[in-house]
Amino acid sequence: MALIVQKFGGTSVKDRGRIFNVARIVMNTRNAGNDVVVVVSAQGDTTDDLIAKAAEITSDPSHREMDMLLATGEQISIALLTMALQELGVSAISLTGWQAGFSTDRSYSKARIKRLDTERVESELARNRVVVVAGFQGLNRSDDITTLGRGGSDTSAVALAAALHADRCQIYTDVEGVYTADPRKIPKATKLKEITFDEMLELASLGAQVLNNRSVELAKKYNVELEVISSINPVPGTIVKEEANVEGMLIKGVAKDNDVAVISIKNVPDVPGMSFKVFSLLAQKNINVDIILQSSGNEAGTKDLSFTVPLGDAEGAASALKAAASRFGGGEISVDKHSAKVSIVGAGMQSHSGVASTMFEALFNQNINIKMISTSEIKISVIIDEQEADKAVAAIHDAFIN
Ligand code: ASP
Ligand code: MG
């Protein structure tokens, strides 16, 4: 008998029909002779709706009360799914995050799991029950409710799979797996059979939106193999694991991220410590910088510095820099909010040459100008004009995958 953790996202439990659909998947897994722990998200758009409700009351809700509010979404799902399982004759019990033993640190709305005490879950399994656990939530040291950040139910599922030494961790969602590009935009995108944790981490942070980033980090840390699979269509999904079969594929995916602003400082003094002063200022404001480009100095003793930040941080970053410009010697600060980042990801590029030039050729053939380039062992990203991003993804995808 195997122990299987199955996680179902919000769209998979959005209404009565979908809840019974999930209940039948769980029942079949159970009837095949497995122990089953289920983790669910809030139904459909519930979390967004709750956030909107809070906004009707205040523009600055207390973080503690926000978590108190958001955690209710998952609690609805566990009760309804458990009722549906019982209706089908399956012995089941629902548990909140804290009943299931999730202890977190103090940081409301993005809490990290500190400890997972699986005693209660194990005792319910021993009583032959399916255990339905609320994702996304835990309890901090003061016994206050915390949530794990958007998409945090994935993390709850992986943590349970790791702590229970589950034989499988299945992440059921409304897509059939991980694709080489967004299948809604690129009709030729193909579903991957396998992908490595590292590739998945790059794709998740690039906005592939199939798995929450922290959940993949956790899966990598504890080596929990994940199966991303559709709750609607019973077809094989994508396996995420430490080492994936490259299947002759150099590139696993092409991703686009529109959440990018480029900040430039022109004619900043070419002196030691300038970069330190600029970026420590941004670090103090908790602004994450991604790609950095610095020109070499010119005869006038200045140089140009450009870097990318998330769109939402662009104004904050620019005004912080303007306010403190005297600290790093000044320069002309400008913000470009109409750029996008297009990236290719693949562990295969480590052992192959010419990958970058193939990507750049695809862009050149479309007459697309590259503003910035950044590379890592398994990723190449370019910053281009936002309006050309879809065309760029299609061209690059064609060059590598079809
Ligand atoms: N309901 C939460 C959210 O929407 C957690 C999750 O779905 O994983 O972010
Ligand atoms: Mg999700």
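What you see below is based on every heavy atom in this structure, not just the backbone, and it leaves out hydrogens, waters and symmetry mates. Numbering of ligands and ligand atoms starts at 1, following listing order.
Evaluated by nearest non-hydrogen atom to atom 5 (C) of ligand 1, the leading choice among Lys7, Glu74, Arg150 is Glu74. Nearest to atom 6 (C) of ligand 1 by heavy-atom distance, out of Ser77, Gly73, Ala157, Ser153, is Ser153.
The pair Glu124-Arg120 meets the salt-bridge criterion, with a side-chain N (NZ, NE, NH1 or NH2) lying under 4.0 Å from an Asp/Glu carboxylate O. Under a 4.0 Å N-O distance rule, the pair Asp48/Arg150 qualifies as a salt bridge.
For Gly135, the closest heavy-atom approach to ligand 1 does not fall below 4.0 Å. For Gly152, the closest heavy-atom approach to ligand 1 falls below 4.0 Å.
For ligand 1, the atoms lying closer than 4.0 Å to a non-hydrogen atom of Gly151 are 3 (C), 5 (C), 6 (C), 8 (O), 9 (O).
No donor-acceptor contact under 3.5 angstrom links the side chains of Thr29 and Asn34, judged on distance only.
Note on ring orientation: taking the six-membered ring where Trp is involved, the planes of Phe8 and Tyr172 are parallel (angle under 30°, cut-offs 30° and 60°).
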One pair to check against salt bridge (Lys or Arg N to Asp or Glu O under 4.0 Å): Lys303 and Asp270. What are the steps and the verdict?
CA-CA 6 Å; Lys303 57 188 168 191; Asp270 184 14; 2.9 Å; yes

